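Scroll down for the structure; my scribbles are underneath it.
Both backbone and side-chain heavy atoms feed into the values below; hydrogens, waters and symmetry mates do not. The first residue of the sequence shown is numbered 1, and numbering continues consecutively from there. Order of listing sets the numbers, starting from 1, for every ligand and every atom in it. Computed from a prediction, not measured in an experiment: that's the story for all the values here.
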Amino acid sequence: MKKLIFGCLLLLAQLAHAQTATYAILPKPAKLVEQKGTFKLASNVTLVLDKDNADLRRVATQLADRIAAATGTRPQIKTGKASGQSIYFTSAKSEKLGAEGYGLKVTPKQITITSAQPKGAFYAVQSLLQLMPAEIFSPTTVTGVDWSVPCCTVEDQPRYAYRGLHLDVGRHFFPVSFIKKYIDLIALHKQNTFHWHLTEDQGWRIEIKKYPLLTQIGSKRKETMAGRYKDNKYDGKPYGGFYTQDEVREVVKYAQDHFVTVIPEIEMPGHSMAILAGYPQFGSNPDKIVPVATKWGVFEDVLFPREETFTFLQDVLTEVMELFPSQYIHIGGDECPKVQWKESRFCQDLMKKNGLKDEHELQSYFIQRIDKFITGKGRKMIGWDEILEGGLSPNATVMSWRGTEGGIAAARQKHDAIMTPGNFCYLDHYQTDPKGQPIAIGGLTPVEESYSYEPTPDSLSAEEAKHIIGVQGNVWTEYMRTPEYVEYMVWPRAIALAEVGWTAKDRKNVDDFMKRLDVHKKRLDLLNVNYFGAPINGNFQYQMPQDATASK
Ligand code: ACM
């Protein structure tokens with residue numbers, strides 16, 4: 001009898017797992033009702049749009065492309081009423097679903113996608129693909145697959161409006177093809193923002209027509225730190241790279257086609273050695289030779305709040321805003337040492353003239369001037385949480401990275417905040433016991449820890465909490481030399497953060513997430529993603545540490 005009960009329990013557990021496996025959508029939808037039966041994705045399936053619309057047609061075409069690649073048969077796209085085996089795209093009023101929400105109903109006869117905006121339909125398609133056999137993600141035709149979709153009803157919309165993933169291309173440069181793949185994965189997990197960290201001490205990575213030395217000099221460094229920071233060793237090899245304006249346009253357009261907004265980050269006044277390498281007149285001393293940095297860390301050579309510097313930055317931002325239609329422009333603002341400002345007659349006089357009591361207020365003066373410029377162009381400025389020091393600029397949104405305090409302080413001052421605290425959101429941390437892992441910057445943030453993050457702090461009132469607009473994973477690439485290495489660090493932790501951003505708190509469950517992730521890994525394999533835990537592919541050239549221990 002005991003054996004029988006045990007057997008029944010085991011069977012139930014397996015069934016539960018099988019169900020999770022069948023409906024393994026990441027991030028978890030707001031509501032999913034499983035139903036009996038399946039929709040057979042036959043070779044004569046048609047995609048039907050109730051009304052023609054260029055964006056919606058693009059979403060349908062993206063679905064048709066995927067079906068064609070994996071099954072070998074391209075479905076037709078039609079406009080009008082749905083009949084026969086069809087996937088029907090229909091519109092709904094926006095009040096209920098919002099701009100990003102969608103309904104998805106799978107019955108044996110028809111799949112219906114309901115959305116107020118094409119973006120909702122795009123997210124419905126991401127969910128639909130994750131209801132299909134994993135082979136739908138195959139880049140080449142697969143035969144012998146039962147292409148059926150389990151019946152269900154999904155009603156879904158995100159918890160937060162801002163769901164981002166960042167990439168530092170300053171420390172290491174990554175080609176456009178990789179950036180597009182990164183955007184594909186952002187979109188697959190219903191994140192909507194790619195924060196492109198384009199400038200650093202170690203490299204300026206975006207062509208600016210008016211200041212050619214930014215890339216002629218600033219995009220190249222003599223050599224790069226090799227191995228651990230404390231060893232202070234260098235590889236002796238010149239390193240460089242930058243994106244032309246045409247390439248930037250190509251990336252922005254590609255992202256738009258996948259409903260991803262690209263936010264450019266142009267760092268100031270710190271992390272600016274690559275600017276000073278070409279244009280030392282914007283720093284402490286026009287005669288100073290400032291090299292593009294070859295070592296990691298924070299440096300004392302920073303921009304000075306001179307009129308020429310503001311003219312320069314406004315010119316740069318003008319070109320940047322022409323390239324990036326995003327509402328937000330990120331201006332950095334983090335880790336700016338004040339040593340040179342303290343020692344400068346010019347800075348001290350400027351402080352006196354403007355009644356600024358210390359160098360933090362001077363930084364605030366700097367940022368406020370930039371804020372005024374950006375706001376005057378109809379955009380919004382984001383800065384790292386250091387921009388709170390010395391007084392927050394009137395229109396600033398704060399990106400909270402040194403814990404959650406910056407986000408809390410911003411929300412209390414009625415400013416929007418995006419939460420990216422290191423313990424949960426820094427994907428350059430180790431993700432497991434550092435022993436045997438490629439060198440990382442330090443820290444330890446396993447996927448479960450990223451998943452456990454709750455972006456809205458309990459300490460905020462309901463009104464203040466509305467200013468917490470979302471969450472982002474940050475990917476600093478000091479130790480990530482190759483695309484494969486980036487993928488190894490980012491996935492699957494960024495998927496955990498995507499679920500943090502999308503799924504309501506009471507719908508989250510880490511065990512359930514890990515089960516869905518198990519299914520999802522087969523999709524990532526087919527997409528050729530070198531995620532942590534993936535079968536190591538021959539191309540992955542990570543630095544294996546000699547005596548790995550977390551360096552924190
Ligand atoms: C940062 O990690 N310095 C924003």
**Message:** With heavy-atom distances below 4.0 Å as the criterion, list the atoms of ligand 1 near W384.
**Reply:** 4 (C)

**Asked** Using heavy atoms and a threshold below 4.0 Å, how should the contact between E335 and ligand 1 be classified: side chain, backbone, both, or neither?
**Response** side chain

**Aromatic plane relationship, H189 with W491 - under 30° parallel, 30 to 60° tilted, over 60° perpendicular** = tilted

**Prompt:** Among protein heavy atoms, which sits nearest to atom 3 (N) of ligand 1, and what does the distance come to when rounded to 0.1 Å?
**Reply:** D334 OD2, 2.7 Å

**Item:** H166 and W476 aromatic centres sub-6.0 Å
**Value:** yes

**Request:** Check each atom of ligand 1 against the heavy atoms of W476 and keep those under 4.0 Å away; list them by number with element.
**Result:** 1 (C), 2 (O), 4 (C)

**Prompt:** So which protein heavy atom does atom 2 (O) of ligand 1 come closest to, and at what separation?
**Reply:** Y426 OH, 2.6 Å

**Prompt:** With ring centroids as reference points, do H195 and W384 lie under 6.0 angstrom apart?
**Reply:** yes

**Message:** Just checking Y279 against W204, ring centres under 6.0 Å apart?
**Reply:** no

**Y531 six-ring centre to K521 NZ/CZ under 6.0 Å and within 45° of normal** = no

